[in-house]
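Input: a single structure, listed below in structure tokens.
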Amino acid sequence: MGKQINVALIGNPNTGKTSVFNLLTGLNQQVGNYPGITVEKKEGICKLPRNVKAHILDLPGTYSLNASSLDENVVIELLLNKNDKDYPDVAVVVSDVENLKRNLLLFTQIKDLEIPTILVINMADRMSRKGISLDIPELEKQLKTRIALVSARKKSGIEELKEHILNYRHISTEPCLNASVMDPTYFDKLRNAFPNQSLYKLWLVITQDVNFGNLNRNSIDNKQDFRTKDESTLKKMQQKETILRYQFINGVLKQAMSVDVNAAKGLRANFDRILTHKVWGYVIFFSILLLIFQAIYDWSSYPMDFIDDSFVVLSELVKQNFPAGDFTNLVAEGIIPGLGGIVIFIPQIAFLFLFISILEESGYMSRVVFLMDRTMRKFGLSGKSVVPLVSGTACAIPAVMASRNIEDWKERLITILVVPFTTCSARLPVYLIIIALVIPDRSFLGFNLQGLTLMLLYLLGFFMAIFAAWVLHKMLQIKSKSYFVIEMPNYKMPILKNVGINVLEKTKSFVVGAGKIILAISIILWVLASYGPGDEFDNAESIVQEKFSETYLPQEELDNKIASYKLQHSYIGNIGKAIEPAVAPLGYDWKIGIAIVSSFAAREVFVGTLATIYSVGSDEEETIKARMSSEVNPILGGPLFTFASGVSLLLFYAFAMQCMSTLAIVKRETNTWKWPVLQLVAMTGIAYIAALAAFQALS
Amino acid sequence: MSKTIADLKRGQRGIIKEFSAEVIPLKLLEMGCLPGNEVELVQMAPFRDPLYLNINGSHLAIRKETALNIQIEILP
């Protein structure tokens with residue numbers, strides 16, 4: 001066993017940092033969260049020569065050590081805290097050869113923390129095309145570091161990087177820029193007050209609101225012989241620091257880098273002319289959206305049908321091959337259908353992330369943000385809200401997380417609050433079964449009525465999100481310094497491996513995250529439906545047999561009668577009866593009431609619950625559908641599922657906030673229960689009123 | 001009348017002049033928007049907002065309200 005070297009991978013966004021990480025670790029990586037926050041923590045193990053292993057931590061992309069987001073805070077907190085178990089022995093800063101000047105800003109800051117720092121210059125394959133030549137030995141001398149010239153695309157330079165990591169002890173820890181030149185007297189006082197700390201580290205503690213160890217902003221403020229300055233002066237000094245750093249970098253690059261402008265060829269301008277065009281830009285964007293929806297709802301239906309059928313078969317197999325009893329029933333009727341309900345979403349989620357990661361890797365997403373910003377701003381959103389709103393059509397959870405790069409707090413908050421209105425894939429099974437029940441399968445002006453209804457529901461979700469954003473924009477009195485900066489990266493061919501790993505990871509985290517909840521709910525439901533209080537439940541069999549002793553019933557029908565009698569008197573039946581008065585005005589009976597209540601955990605539970613309640617052994621759509629269409633409205637008589645009650649249910653599901661995981665994520669992202677509670681109350685209120693109005697008007 | 005980035009025409013260049021620290025986010029400075037650097041308007045969205053710029057080799061987009069705060073000297 002060799003010793004492990006702790007390596008932190010740091011870099012600006014769009015430098016191919018993740019490609020370098022993937023090359024170093026291969027599939028030997030895992031993704032988690034930093035404790036208490038939802039920032040992704042990616043780490044992996046890399047085998048170095050001579051049997052040494054390196055633990056690689058891929059830190060969130062950041063432009064500098066002046067944090068403006070949660071993700072960036074993570075970087076600073078780690079680099080300032082020597083006691084953190086992940087504190088790096090060596091930092092690897094990844095830069096893009098085309099943006100070297102800007103990328104070096106972060107490099108010089110990290111170097112000034114006196115951590116051994118290696119510089120990776122990535123995308124070396126583009127140098128000749130861009131007419132760039134570098135004097136590496138000169139750069140190494142000036143920056144006091146070791147440099148690895150890497151091409152993640154061509155997989156070159158990685159061995160050199162590993163060699164540098166192995167020999168990190170030989171890298172100088174001398175800073176690039178002496179921080180005290182910003183204001184010598186101020187920094188002299190600081191040095192005297194804290195003689196044991198690195199000056200630049202102290203400066204970061206003063207200017208950032210982060211915690212590290214026992215030293216923080218207040219403890220510096222409270223030191224008697226040292227007073228820090230007011231915000232505005234500090235900001236001016238940070239500005240001065242940035243200017244000084246660029247002066248240093250310009251000086252270095254003047255000697256070590258030359259660009260032959262004539263040799264530079266770029267497709268950027270040509271692509272941009274079309275993709276950000278006033279008309280064509282939008283046409284292309286909406287065509288891509290259409291393609292994504294096509295993939296999510298059409299192409300993925302094949303694997304989804306296959307998954308659905310497989311789980312039905314699996315459930316049957318368990319029933320037939322295991323000894324009959326409570327445990328077998330729990331597995332076959334509770335757990336397997338529950339798991340099936342999660343697994344079925346994998347194709348859709350995977351397709352969505354496939355498209356999103358291709359759009360992001362290629363650099364196109366920034367163009368969409370650019371095109372949409374002004375329109376979105378009218379509704380209190382940002383151009384950057386487009387990504388969450390599109391992701392929301394798969395699942396609100398990654399969508400809420402994708403809002404993190406919106407700088408403006410008010411715009412970000414509104415995005416988070418309205419994202420759950422977009423039609424997520426969990427609503428799809430509910431929509432499909434109700435549409436099949438109440439909308440005729442006829443064509444209207446050449447379009448299928450059922451398909452048209454589904455499309456209307458998507459549009460409804462989207463417009464409701466936009467409308468709610470507009471209302472919140474007018475109502476919320478949040479003063480925030482609104483600014484918006486987005487990098488427009490160069491167009492790149494997406495690297496297949498990166499896209500693949502991303503899709504794999506995102507899908508996995510959805511399945512595990514949502515899976516736990518759905519599994520738990522389906523077990524609870526099964527228990528509540530399978531047991532009941534009192535004699536009526538226990539003696540259901542004899543009661544029903546007595547009731548029908550006069551008339552002849554085939555065994556199968558008798559069994560169904562017994563099952564439904566049992567259900568009515570089970571725990572869940574009792575709960576259902578209790579809430580029936582609340583849902584009756586919407587046109588529902590107690591069974592739908594139960595399905596709605598249980599789907600507050602997750603919408604897709606609705607179909608599964610009805611399947612369990614209607615005592616149908618399998619989740620197969622036809623059988624549930626047949627059952628549902630024969631249900632009778634307990635108050636009004638006549639079929640339960642009419643056009644009126646169907647539309648009412650569709651509207652309820654379109655607007656109601658029924659997803660515990662989303663609420664939990666919103667709580668974590670906004671750091672208070674106030675916003676998720678508002679979401680729950682407001683959305684469900686709107687849903688109730690809309691469903692009530694629809695049923696009363698139509699019936 | 002002093003000109004700002006918002007006055008640039010597509011393809012036109014200018015040199016960034018001094019600006020007041022209060023109104024410009026630090027992130028913009030870090031991305032290379034510093035006095036003395038050259039800025040080119042690459043593309044604009046409808047209604048000239050946001051603006052897609054090339055500042056000293058860095059390609060980025062900012063909103064018009066920010067652009068109005070950055071004074072420049074337009075190059076012929």
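Lettering follows sequence order; numbering is per chain, from 1.
- To the nearest 0.5 angstrom, B:Leu28 atom CG is 10.0 Å from A:Gln239 atom CD.
- Interface summary for chain B: among A:Thr375, A:Val485, A:Asn490, the most heavy-atom pairs under 4.5 angstrom belong to A:Val485.
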Please walk me through it: do B:Glu65 and A:Phe484 pass side chain to side chain contact (heavy atoms under 4.5 Å, CB included)? CA-CA 10 Å; B:Glu65 57 190 18; A:Phe484 168 94; over 6 Å; no
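- Scored by the side-chain hydrogen bond (donor to acceptor under 3.5 Å, both in side chains) test, A:Tyr282 finds no partners at all (sequence neighbours excluded).
- Minimum interatomic distance between A:Arg377 and B:Asp49 (heavy atoms only, all atoms of both residues): NH2-OD2, 3.0 Å.
- Heavy-atom pairs under 4.5 Å with chain B were tallied for A:Ile486, A:Thr242, A:Val369; the largest tally goes to A:Ile486.
- Between chain B and the residues A:Asn66, A:Ile243, A:Asn12, the most heavy-atom pairs under 4.5 angstrom are made by A:Asn66.
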Show your reasoning for whether side chain to side chain contact (heavy atoms under 4.5 Å, CB included) applies to A:Tyr246 and B:Asn56. CA-CA 11 Å; A:Tyr246 269 117; B:Asn56 208 22; 5.7 Å; no
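- Residue-level contacts of residues 247-258 of chain A with chain B do not occur; threshold 4.5 Å between heavy atoms.
- Between chain B and the options A:Lys278, A:Met488, A:His277, heavy-atom pairs under 4.5 Å are most frequent for A:Met488.
- Residue B:Ala61 comes nearest to A:Phe370 through the heavy atom pair CB-CD1, 3.8 Å, listed as atom of the first residue, atom of the second, then distance.
- Residue with the most contacts toward chain A among B:His59, B:Met31, B:Lys64: B:His59 (heavy-atom pairs, distance under 4.5 Å).
- Within residues 36-45 of chain B, the residues that have a heavy atom under 4.5 Å from a heavy atom of chain A are B:Gln43, B:Met44, B:Ala45, listed by number.
- For A:Thr62, no part lies near chain B; criterion is any non-hydrogen pair under 4.5 Å.
- Proximity to chain A (any heavy atom under 4.5 Å) is restricted, for B:Leu51, to the backbone atoms N, CA, C and O.
- Taking 4.5 Å as the heavy-atom cut-off, the residues of residues 94-112 of chain A that approach chain B are A:Asn99, A:Lys101, A:Arg102, A:Leu105, ordered by number.
- Within the 4.5 angstrom heavy-atom criterion, atoms from both the backbone and the side chain of B:Ile62 approach chain A.
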